[in-house]
Amino acid sequence: MDERNDGATPKKDERAETRRGGNAGEPGARADGRGESEEERADRRWQELLQEIRVAQTGVQILLGFLLTVVFTPLFRDLEQTDKTIYLVTVVLGSLATGALIGPVSFHRIVSGRRIKPQAVVWASRLTFTGILLLLATLTAALFLILRVATHDPYVPWLVSGVLVWYLVCWFALPLWVRTHYTSGDRPPARTPAVHRPEAG
């Protein structure tokens, strides 16, 4: 009787181990220790992506709304042709950034229920990153236009370049450094407690 119980217990433990993702050295196990399925990981990444999109959307929508009102002000007629060209380029960039950042929401709605969420998350992430690049260009062009109109100072391009470098450091260089520094591959894989098998006899 005891031998039958002893033989059945490890099998249950092994099934539970498989549901948790198995040992770190086994095929299919995740090294991050989360023990998520592909669908669960896609759900988590989608929720994280939504939070990021909300932050970026707020900034680009406020900026675009401000830019769209400029053309209706009396000052716009007095701008030089070069400034008007910069303004038009800025508005187009802001519109493109808005489209790219709203795109993931429409993307998810169209493919929802098709059981392709992992692929949808990948494409939505690409759209979001494209929107961030376009937002960077919009902010830089808008800052250049405002400082050019406000000061007519020859040092404006240098000042804008300095701000652009700051954007690049905060948005790309620092995250890439953290990613490289803390995911060097030297960290040991997550360990799962071993299952003790009673000895026969």
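Note: hydrogens, waters and symmetry copies are ignored here, and every other heavy atom, side chains too, is used.
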Which side-chain N or O atoms in residues 122-145 pair as donor and acceptor under 3.5 Å with protein atoms at least two apart or in another chain?
from, atom 1, to, atom 2, distance (Å)
Ser125, OG, Val121, O, 2.8
Thr128, OG1, Ala124, O, 2.9
Thr130, OG1, Arg126, O, 2.9
Thr138, OG1, Leu93, O, 3.3
Thr138, OG1, Gly94, N, 3.2
Thr138, OG1, Leu134, O, 2.8
Thr140, OG1, Leu136, O, 2.8

| said: Ignoring hydrogens, what is the shortest heavy-atom contact between Val149 and His152? Give both atom names and the distance. | reply: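 Here Val149 and His152 meet closest at O-NE2, 3.3 Å.
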| field | Whether Tyr87 side chain and Leu67 backbone form a donor-acceptor pair below 3.5 Å | value |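 Present.
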| Would you find a donor on one side and an acceptor on the other, under 3.5 Å apart, between the side chain of Ser106 and the backbone of Gly103? | no
| Got a salt bridge between Arg44 and Glu48, using NZ or NE/NH1/NH2 to carboxylate O under 4.0 Å? |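 Salt bridge between Arg44 and Glu48, a charged N being under 4.0 Å from a carboxylate O: yes.
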| field | Which residues share a side chain to side chain donor-acceptor pair (under 3.5 Å) with Asp43, sequence neighbours left out | value |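 Partners of Asp43 by the side chain to side chain donor-acceptor pair (under 3.5 Å) criterion, ordered by chain and then number, come out as Lys117.
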| said: Please enumerate all residues that pass salt bridge (charged side-chain N to carboxylate O under 4.0 Å, His left out) together with Glu52, with sequence neighbours excluded. | reply: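 By the salt bridge (charged side-chain N to carboxylate O under 4.0 Å, His left out) rule, Glu52 matches no residue at all.
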| Residues that Glu80 engages under salt bridge (charged side-chain N to carboxylate O under 4.0 Å, His left out), provided they are two or more places apart | Arg148
| request: Would you give the length of the straight line joining atom CG of Leu174 to atom CZ of Arg179, rounded to the nearest 0.5 angstrom? | output: 14.0 Å
| task | Hey, could you give me each pair passing salt bridge (Lys or Arg N to Asp or Glu O under 4.0 Å) that has a residue in residues 129-145? Not counting sequence neighbours. | result |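 Those involving residues 129-145 do not exist here.
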| said: Within the 4.5 Å heavy-atom criterion, are Leu50 and Gln47 side-chain neighbours or not? | reply: yes
| query | Quick one: ring pair (Phe, Tyr, Trp, His ring centres under 6.0 Å) partners of Phe66, sequence neighbours excluded? | reply | none
| task | Measure up the Trp177 and Tyr182 rings against each other and bin them: parallel (under 30°), tilted (30 to 60°), perpendicular (over 60°). | result |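 Because their plane-to-plane angle is over 60°, the rings of Trp177 and Tyr182 count as perpendicular.
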